2 protein chains.
Amino acid sequence: MTGPRRRVTQRDIARLSDVSQATVSLVLNNRLDGGVRIAEATRQRVLDAIRETGYVADPVARRMADQYNRIIGVFTYEPVFPSGARDFFHPFLLGLEEQAERLGCDLLLLTSAPVVDGRRRMFADGSRIRLADGCVLLGQEVDRDDLTRLVAEGVPFVSVGRRDDAGGPVPYVGADYPAATAALVRRAAELGHRSLAYVGRGEGPESYADRLRGFHAAAEEAGAAARRLPGAGSEALDAALADGVTALFLEEPADVPAVTAWAAARGLGVPADLSLVALGDPTRPVSIDLDVTGFTIPRREMGRQALDVFFALLKEAETDTQRLLTCEQHDGATLGPVL
Amino acid sequence: MTGPRRRVTQRDIARLSDVSQATVSLVLNNRLDGGVRIAEATRQRVLDAIRETGYVADPVARRMADQYNRIIGVFTYEPVFPSGARDFFHPFLLGLEEQAERLGCDLLLLTSAPVVDGRRRMFADGSRIRLADGCVLLGQEVDRDDLTRLVAEGVPFVSVGRRDDAGGPVPYVGADYPAATAALVRRAAELGHRSLAYVGRGEGPESYADRLRGFHAAAEEAGAAARRLPGAGSEALDAALADGVTALFLEEPADVPAVTAWAAARGLGVPADLSLVALGDPTRPVSIDLDVTGFTIPRREMGRQALDVFFALLKEAETDTQRLLTCEQHDGATLGPVL
DNA sequence: TCAAGATGATAATACGTATTATCATCTTGA
DNA sequence: TCAAGATGATAATACGTATTATCATCTTGA
């Protein structure tokens, strides 16, 4: 008595409650406009049948009829979630899931397998995004072409993390890296640091550029010397130290162990001889035994608000579609006064 | 002149190449069966139009015409993916995603079902599973009631990891823990070990029970003494050691650091004084500096094959719906001969 | 008593694709 | 010359939902 279980459809509900399919749809969507009316008794009969059968509208058919299906694609760009980055991205996902549950929508994984040169192009296939009402973008770097096309096609989407314009403004919920970085620079200046170094790329992903921008702006304002070291290599650090740098601002906190190892090798005390500041959370898993001063990215909250912005866009409601959230400053033990 | 551009449809192609929509579809799908034929010239005209316009079939409409919506729910039981377990579960997800891409379907996260006492019940909300064609189950432990209901309702589903019957056979793609464990026991016996200890629960999740079963069976066959220690506590280990145990089989490889710390404290060399075997991969992130002998769970492949089984079930094709995959043995440096 | 308005429901249609049954035309062979 | 088969294409329909135009019946008020 099995056989491939057919989906329960509105026709089934209609038959059960002795009305037409149209009526079922109207009850489901609670349409009151257009002058449509359903008697309360009928409505109840339909709702009962729905409850009994556990009927849910087929999201595909809903999309077909050009409707919302409350499914949101989550597109992640990191090449197959490089194992290291998982921990970093997880809080974002948690925020998304949490808010999705609250808003009663579902998340579709658009992270699908490796495609062209290790990276995924969003439009590589026939645009499965269309299955969903739109999508949320996650990842340090996002393909510019994809972004441009999303904007051009008017697909509702939100980026987790600020993005530069792409043929139009990109809706995002980002972290206020410039402000968070600047605040730490000011703290350092107050503590007497006159020569600071930013360690990292400072370009490429917006999040890097934003940090560096905040760094330079605040340093200039504070009248402190500022430089950038491309990486945490020993030679570069040695040179900076010899040149009078007293505080290092790490773009990538996962570099902390490398820097402390170098400091230990040189017999430098932190923060006695050198201060250390972490600009965010590590994107690679590392064990750090120091209580590093720096800031924390409100990842979970970013995930949550991303969905809020998404729904506002979908409903075309008024809202701030480019949000920068404040990072929490962490007062650790690695930023000290210059002795 | 913007506005969301209308999609190019088969009707457009049909008009352009002066054929019917049906012909376009037939050309696209290259149907040769059913006695349908398209003249080569016509075919080329249609293909040209497709090329010119960049037409791609709307995935939504495709699925609409199909009996299935090609959406597969991924249900995970771990309480919102407890942070430690993420690493462990990720390879399964990768396998699922990879195969989903290959099979042209999408994964819907069903991880956000209402959380009742820290855990999710699948049917708590009644019907979200019905959004999808069926689902894949992921997690160490699966709710028995949910399982029973899935079987009873005939929802197509596959468990990643073997499951005991639940009012009927449960389709699964699991790891062959008994065989993998037994192989290691035999190796130990060959190396002269006569008294072995299994460290762990050995019950609860099927994966634990399976390991213990394989352990006991192989030990008996090899004529070696076998016992089980509930955990890796120092007292238990001391007692076992005092009692002549020369090899420990760890159900949970994340316990390796605890055991090696204990061994170091007792001045025991591994494998000189004591052999160590890891029965699988750590479910919690730990850093292990030893090259531990043991086996690896084919997680990615399990994810992949789970989707294969799922589709076979969906299409009611003949297939082995209860698969146990072979674990890869890893010949490390912690299982040595008894001196 | 009857017209106008209110009420309640449905038939018809659209969305874009896939497939099957059917049809028209051409070719072949005796 | 004609029937049978081959060839090439299409009309019709299905998939499951949403919506609009339409219709039938009931109510109301003068």
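Each chain gets a letter, A, B and so on, in the order the sequences are listed, and its residues count up from 1. Given the structure is predicted, the values throughout are model-derived calculations rather than measurements.
Out of D:dA9, C:dA9, D:dG16, the shortest distance to the side chain of A:I38 is found at C:dA9. Counting only heavy atoms from C-beta on, A:D58 has its side chain closest to D:dG16 among D:dG16, C:dT17, C:dT20. Of the candidates D:dG8, C:dG16, D:dT20, the closest approach to any side-chain atom of A:V36 belongs to D:dT20. Comparing D:dT17, C:dA18, D:dT10 against the side chain of A:A61 picks out D:dT17 as the nearest.
Within 4.0 Å of A:R37, counting heavy atoms only, lies at least one base atom of the nucleic acid. Within 4.0 Å of A:N29, counting heavy atoms only, lie sugar-phosphate atoms of the nucleic acid but no base atom. Counting non-hydrogen atoms under 4.0 angstrom, A:Y68 reaches nothing in the nucleic acid.
Nearest-nucleotide mapping onto DNA chain D: of A:L28 and A:R11, the residue sitting toward the 5' end is A:R11.
Counted within 6.0 Å of CD on A:E40, heavy atoms from surrounding residues, nucleotides or ligands total more than 12; the atom is thus considered enclosed.
Nearest heavy-atom pair across A:G95 and A:R304 is O-CG, 3.5 Å.
Here the side chain of A:S17 pairs no donor or acceptor atom with the backbone of A:V19 at under 3.5 angstrom.
Side-chain contact between B:I71 and A:P59 is present, with heavy atoms from C-beta onward closer than 4.5 Å. Using a 4.5 Å heavy-atom cutoff, the side chains of A:R63 and A:V60 are not in contact. At least one side-chain heavy atom of A:T9 sits less than 4.5 Å from a side-chain heavy atom of A:D12. Under the 4.5 Å side-chain criterion, counting only non-hydrogen atoms from C-beta, B:Y172 is not in contact with B:V160. Here the side chains of A:L138 and A:F75 are not in contact, with every heavy-atom distance at 4.5 Å or above.
Between B:E206 and B:R163, at least one side-chain N (NZ, or NE/NH1/NH2) sits under 4.0 Å from a carboxylate O, which counts as a salt bridge.
Rounded to a whole Å, the CG atom of A:L131 is 15 Å from the P atom of C:dG16. Atom CG in B:D66 sits roughly 12 Å away from atom C1' in C:dT19 (whole-Å rounding). Here the P atom of nucleotide C:dG16 and the CZ atom of B:R70 are 21 Å apart, to the nearest Å. Nucleotide C:dG16 holds its C1' atom 18 Å from the CZ atom of A:R62, rounded to whole Å. One can place CZ of A:R45 at 12 Å from C1' of C:dG8, the figure rounded to the nearest angstrom. If you take CE of A:M64 and P of D:dT17, they are 13 Å apart, rounded to a whole angstrom. The distance between atom CD of B:E40 and atom C1' of D:dT7, rounded to the nearest whole Å, is 14 Å. The interatomic distance linking B:N69 (CG) with D:dG16 (C1') rounds to 11 Å, in whole Å.
Of the side-chain N and O atoms in A:T9, none sit less than 4.0 angstrom from OP1 or OP2 of D:dC15. OP1 or OP2 of C:dA18 sits under 4.0 Å from a side-chain N or O of B:Q10. Distances shorter than 4.0 Å separate none of the side-chain N or O atoms of A:R63 from OP1 or OP2 on D:dT17.
For the side chain to side chain donor-acceptor pair (under 3.5 Å) criterion with B:R300, the lone passing option out of B:E98, B:Q99, B:Q305 is B:E98.
Residues of residues 15-25 of chain A having a heavy atom closer than 4.0 Å to DNA chain D, listed by number: A:Q21, A:A22, A:S25.
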According to the Watson-Crick and G-U wobble definition with distances under 3.5 Å, which dot-bracket string, read 5' to 3', encodes DNA chain D, using [ ] for crossing pairs and | for pairs with another strand?
||||||||||||||||||||||||||||||
